[in-house]
Structures are given as structure tokens and as C-alpha cells.
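Before any comments, here is the structure.
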Amino acid sequence: MILKLLNIILSQQYEVVVKTNGIEALNWLEEPHFPDLIISDLMMPYFDGGTFVRNLKISGFYQDTPVIVLSGADDLEEQMKNMPFTVDAYLQKPFNPEKLKSLIEDVFARKRQN
């Protein structure tokens with residue numbers, strides 16, 4: 001359901017590619033594709049979001065790709081502090097679609113400044 005919602009919210013403004021799990025996403029990236037932004041949930045089937053993002057950050061190709069993490073975890077802020085890598089932003093589910101759009105704009109603005 002969240003994937004459909006994200007697609008509806010974001011496809012009006014961005015080209016959206018939806019993958020249902022981390023393995024599918026990594027396979028897509030290896031084809032190769034170079035997205036401007038990756039939005040990942042921490043809880044995904046087969047390959048959790050933390051492992052997925054860690055693989056991105058240690059890769060030579062995607063280490064600078066901005067990442068926004070979504071999660072329904074009650075301790076999301078604590079989980080983000082304890083991760084061995086940094087993400088550009090994170091958002092607690094359920095979330096306001098306008099807040100997500102604002103986070104995306106902020107991430108792109110910071111990327112342009114660098």
C-alpha cells in the first residue's frame with residue numbers, strides 16, 4: 001500500500017521507479033541505473049532496508065546518492081543514530097505527503113550546494 005501511495009504522491013513531479021524489496025532494488029541498480037534519490041523503508045521483505053542502504057553507502061557507484069529512510073518503527077530516531085552510515089533524511093510512518101515532498105526538496109537543495 002505504501003508503494004502505491006508513494007507512486008501517486010511523487011509521480012506527478014518525479015520519475016518514480018518502485019521496487020518491492022532490497023534485492024529487487026539492488027538488481028535494478030546493477031543494470032545499471034543511477035537514481036537521483038533513493039527512498040527506502042527499514043522493514044522490507046528478503047533484505048532489510050538497513051542492509052540495503054549499507055550496501056549503497058559502501059559501493060563506489062551509489063555512496064553519494066541521497067537516501068531518505070521511511071519507517072514505522074517507534075524508535076526510528078534512535079535507530080538512525082545507531083546506524084553505521086548516515087542517510088540524508090528519515091521520516092516516521094504514517095507521514096504527511098507534503099512533509100515527504102518538503103524533505104525531498106531539501107535533500108535536492110543540499111545536493112546542489114555540494
Side-chain angles (χ1 to χ4, degrees):
M1 189 63 162
I2 191 76
L3 296 176
K4 288 180 184 179
L5 177 64
L6 288 171
N7 196 22
I8 290 167
I9 293 168
L10 300 176
S11 64
Q12 297 168 10
Q13 198 169 352
Y14 305 101
E15 180 182 338
V16 176
V17 175
V18 175
K19 299 299 171 194
T20 59
N21 63 64
I23 293 172
E24 209 177 272
L26 283 177
N27 288 337
W28 181 81
L29 289 166
E30 290 173 353
E31 288 180 8
H33 292 96
F34 298 95
D36 294 320
L37 172 72
I38 295 173
I39 299 174
S40 177
D41 199 320
L42 283 183
M43 307 274 200
M44 294 189 292
Y46 309 117
F47 200 75
D48 69 84
T51 303
F52 171 69
V53 174
R54 182 174 43 83
N55 280 310
L56 291 175
K57 294 301 181 181
I58 62 174
S59 79
F61 295 113
Y62 304 105
Q63 63 189 8
D64 295 326
T65 303
V67 175
I68 295 176
V69 170
L70 304 177
S71 179
D74 292 332
D75 62 342
L76 179 59
E77 188 172 341
E78 191 64 31
Q79 285 188 36
M80 293 293 97
K81 287 179 188 175
N82 292 327
M83 294 238 177
F85 51 82
T86 59
V87 296
D88 297 271
Y90 57 89
L91 190 59
Q92 182 84 34
K93 295 189 299 185
F95 58 87
N96 179 324
E98 293 305 315
K99 174 69 175 169
L100 177 60
K101 288 180 182 180
S102 176
L103 273 176
I104 292 170
E105 290 172 15
D106 290 348
V107 167
F108 284 147
R110 285 188 305 234
K111 187 176 178 180
R112 283 190 297 271
Q113 289 174 352
N114 293 333

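Fair warning: this is a prediction, and the values are worked out from it, not measured in the lab.
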Which pair of non-hydrogen atoms, one from [X] and one from [Y], has the smallest distance, and what is that distance?
X     : Y      : value
Ala89 : Val107 : CB-CG2, 4.2 Å
Pro35 : His33  : CD-O, 3.6 Å
Gly22 : Phe52  : O-CD1, 3.8 Å

_Steps toward side chain to side chain donor-acceptor pair (under 3.5 Å) verdict (Gln63, Ser59)_ = CA-CA 6 Å; Gln63 63 189 8; Ser59 79; over 6 Å; no

*asked:* Once you measure the plane-to-plane angle for Tyr14 and Phe108, does it fall in the parallel (<30°), tilted (30-60°) or perpendicular (>60°) bin?
replied: tilted

Should [X] and [Y] count as side-chain neighbours, where that means a heavy-atom distance under 4.5 Å?
X     : Y     : value
Asn55 : Lys57 : no
Glu31 : Asn27 : no
Ile9  : Leu5  : yes

Can you tell me how far apart [atom1] ([X]) and [atom2] ([Y]) are? Round to the nearest 0.5 Å.
X      : Y      : atom1 : atom2 : answer
Leu100 : Leu70  : CG    : CG    : 6.0 Å
Arg110 : Glu105 : CZ    : CD    : 12.0 Å
Leu56  : Asp64  : CG    : CG    : 11.5 Å
Lys4   : Ser11  : NZ    : OG    : 13.5 Å
Leu3   : Ile8   : CG    : CD1   : 11.0 Å
Asp48  : Asn21  : CG    : CG    : 11.5 Å

_Derivation of the side-chain contact (heavy atoms from CB on, under 4.5 Å) call for Leu6 and Val16_ = CA-CA 9 Å; Leu6 288 171; Val16 176; 5.9 Å; no

Please check if [X] and [Y] belong to a single hydrophobic cluster, counting links between Ile, Leu, Val, Met, Phe, Trp and Tyr side chain heavy atoms closer than 4.5 Å.
X     : Y     : value
Phe95 : Val53 : no
Ile2  : Tyr90 : no
Leu91 : Val67 : no
Ile58 : Ile23 : no

*Would you please name every residue forming a side-chain contact (heavy atoms from CB on, under 4.5 Å) with Glu78, sequence neighbours left out?*
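Expected list: Asp75, Lys81, Asn82.
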
*Report the C-alpha distance between Gln79 and Val69 in whole Å, list the side-chain angles of each, state the deciding distance to 0.1 Å, and finish with yes or no for side-chain contact (heavy atoms from CB on, under 4.5 Å).*
CA-CA 11 Å; Gln79 285 188 36; Val69 170; over 6 Å; no

Would you be so kind as to tabulate the donor-acceptor pairs closer than 3.5 Å made by side chains of residues 37-47, with sequence neighbours excluded?
from: Asp41; atom 1: OD1; to: Met43; atom 2: N; distance (Å): 3.0
from: Asp41; atom 1: OD2; to: Lys93; atom 2: NZ; distance (Å): 2.4

Counting heavy atoms not belonging to [X], are there more than 12 under 6.0 Å from its [atom1]?
X      : atom1 : value
Phe85  : CZ    : yes
Gln92  : CD    : yes
Lys111 : NZ    : yes
Gln13  : CD    : yes

_Verdict with supporting geometry, Leu10 and Ile104, side-chain contact (heavy atoms from CB on, under 4.5 Å)_ = CA-CA 10 Å; Leu10 300 176; Ile104 292 170; 3.6 Å; yes

*Could you go through the side-chain contact (heavy atoms from CB on, under 4.5 Å) check for Val87 and Ile68 one step at a time?*
CA-CA 6 Å; Val87 296; Ile68 295 176; over 6 Å; no

